[in-house]
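Values below: all heavy atoms of this structure, side chains included; hydrogens, waters and symmetry mates excluded. Throughout, a chain's letter reflects where its sequence line sits, starting with A, and its residues are numbered from 1. Owing to the predicted nature of the structure, the values given are computational and were not obtained by experimental measurement.
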2 protein chains.
Amino acid sequence: MLELAILGLLHQSPMHGYELRKQLAQVLGGLRSISYGSLYPALKRLHAAGYVVTDEPDPRAPLPADAPALTGRRGKVVYTITAEGKERFHELVSQAGPEAYDDGGLFGVRLAFFRHTAADVRLRILEGRRRTVEQQREGLRASLARTRERLDRYTLELQRHGLESVDREVRWLAELIDQELTDSGQRRTDGPSSGDADPPPATTPPPPG
Amino acid sequence: MLELAILGLLHQSPMHGYELRKQLAQVLGGLRSISYGSLYPALKRLHAAGYVVTDEPDPRAPLPADAPALTGRRGKVVYTITAEGKERFHELVSQAGPEAYDDGGLFGVRLAFFRHTAADVRLRILEGRRRTVEQQREGLRASLARTRERLDRYTLELQRHGLESVDREVRWLAELIDQELTDSGQRRTDGPSSGDADPPPATTPPPPG
DNA sequence: GTTCGATGTATCGAGACGATACATCGACGG
DNA sequence: CCGTCGATGTATCGTCTCGATACATCGAAC
């Protein structure tokens, strides 16, 4: 999951780990943050896989009193995405299977980089996510109906609030899907409207008919 | 976190790991489930600490072709809470510090066992949680206001939905707090109403005055 | 009588987390 | 001129959780 997020951010511009973490927290909605204990190992993996390069030959060497005169040198490492990394990113961003939406966290990251995702893939992911969450909702509803008598007030409130959250997510997804359909419907009659979304990376499905 | 949940369930009746997992999923609201990879190690820890006992002398011994004739014996393990376990549970359930509400998951578990928690602790936890979530909300609001121009439609929607969720949680918590206050206010004029909540485990703060 | 799904215990490797250590930097005040 | 404070910055450690998986038993359905 981190892999996608990091590549996505580096896709825009090279960055330090520190900056990466801040942007990540921002993209993830401020709730989901990311710890260094996850970030640096992830960067190491990406580096080992050749998806990113660093501007320092070996960031590990602590320059052991050999060249202390060098002012600028103090371990800062800028990570830059490679061609392979970009390829990998587009590969990840084009996956439309259950792995893309079954987990809420990953889905969030996917959504955050939707402007790099083809329109048909976007639609399939949104609909998959909706199915998943709808099933959650039904399970929750059933469980609540079955046990509502035996539950004390607090557990009941907890379940009720959880159910409402899931319900809201379903409605939210429905809105997003509607927007997608509307957009792709009026694709040629009207220029795109909001934000800085890329000109859709092609692969747009033919308008219904 | 698991520790509290497991002890809380075993507090009601002894159980198998399997059953424990199902009940856990139910209590946790159906969204947050728990995997065996967490459950069994947790049980092992609790067993090592003396908080639970098993009905099998050593569940590890696979009876290696020694006594295969024994029909009933097939590794089922029933876990029962001990006196130390109950003590530990009440200790955990009485903590009112930030650790009780800063993490949403743990807070959910705490809420699920609120009927074992003293009224004043309940109130402090609810208010602590509200503060935490309110701060999250403000951070989110500020971040959204600061960056709303630069965000594409999808990221914007993501943030908006996240903010709304947090906002809803704040309102929900406010309702719960109101109920707590109302209840403790009319404590002697009216019998308790809903669910099977235990008669409050004492430690009720004296009515305001 | 056998195949199937629920029940049931258990471990493995991958990876995420919080805490923490360490180092540099600019700014602020004594 | 010095100290220290908070932001920036890299990195690791131990602990925990997860998903996947293996294995075994059981009742019922076919």
Inset, instruction - List the protein contact pattern of nucleotides 15-20 of chain C with one symbol per nucleotide (5' to 3'): B for base contact, S for sugar-phosphate-only contact, - for none; contact means a heavy-atom distance under 4.0 Å. - result: -SBB--
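A close approach under 4.0 Å does occur between a side-chain nitrogen or oxygen of B/Lys44 and OP1 or OP2 of C/dT11.
For A/Tyr40, taking side-chain heavy atoms from C-beta onward, the closest of the listed nucleotides D/dT12, C/dT7, C/dA10 is D/dT12.
Note: CD (A/Glu19) to P (D/dA7) measures 15 Å, nearest angstrom. The CZ-P distance, from B/Arg21 to C/dA10, rounds to 15 Å in whole Å. As rounded to whole Å, 10 Å separates atom P of C/dT7 from atom NZ of B/Lys76. Going from atom CG of A/Leu43 over to atom C1' of D/dG9 covers 13 Å, rounded to whole Å. The CE atom of B/Met15 sits 17 Å away from the C1' atom of C/dT9 (whole-angstrom rounding). Residue A/His47 contributes atom NE2, which lies 13 Å from atom P of D/dT10 at whole-angstrom precision. Note: CG (B/Leu106) to P (D/dT17) measures 11 Å, nearest angstrom. D/dT10 atom P lies 12 Å from atom CD1 of A/Ile6, rounded to whole Å.
In this structure A/Gln135 satisfies the side chain to side chain donor-acceptor pair (under 3.5 Å) test with no other residue, sequence neighbours excluded.
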Residues 102-113 of chain B, side-chain donor-acceptor partners within the protein, below 3.5 Å, at least two apart:
| residue | atom | partner | partner atom | Å |
| --- | --- | --- | --- | --- |
| B/Asp102 | OD1 | B/Thr132 | OG1 | 3.0 |
| B/Asp103 | OD2 | B/Gly105 | N | 3.3 |
| B/Asp103 | OD2 | B/Leu106 | N | 2.8 |
| B/Arg110 | NH1 | B/Leu92 | O | 3.4 |
| B/Arg110 | NH1 | B/Gln95 | O | 3.0 |
| B/Arg110 | NH2 | B/Val93 | O | 2.5 |
| B/Arg110 | NH2 | B/Gln95 | O | 3.4 |

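Note on ring orientation: taking the six-membered ring where Trp is involved, the planes of A/His11 and A/His90 are perpendicular (angle over 60°, cut-offs 30° and 60°). Using a 30° and 60° split on the angle between ring planes, B/Trp172 and A/His161 fall in the parallel class, below 30°.
Closest heavy-atom contact between A/Glu3 and A/Tyr51: OE2-CE1, 3.8 Å.
Salt-bridge annotation for B/Glu169 and B/Arg130: absent, with no side-chain N of the basic residue lying under 4.0 Å from a carboxylate O of the acidic one.
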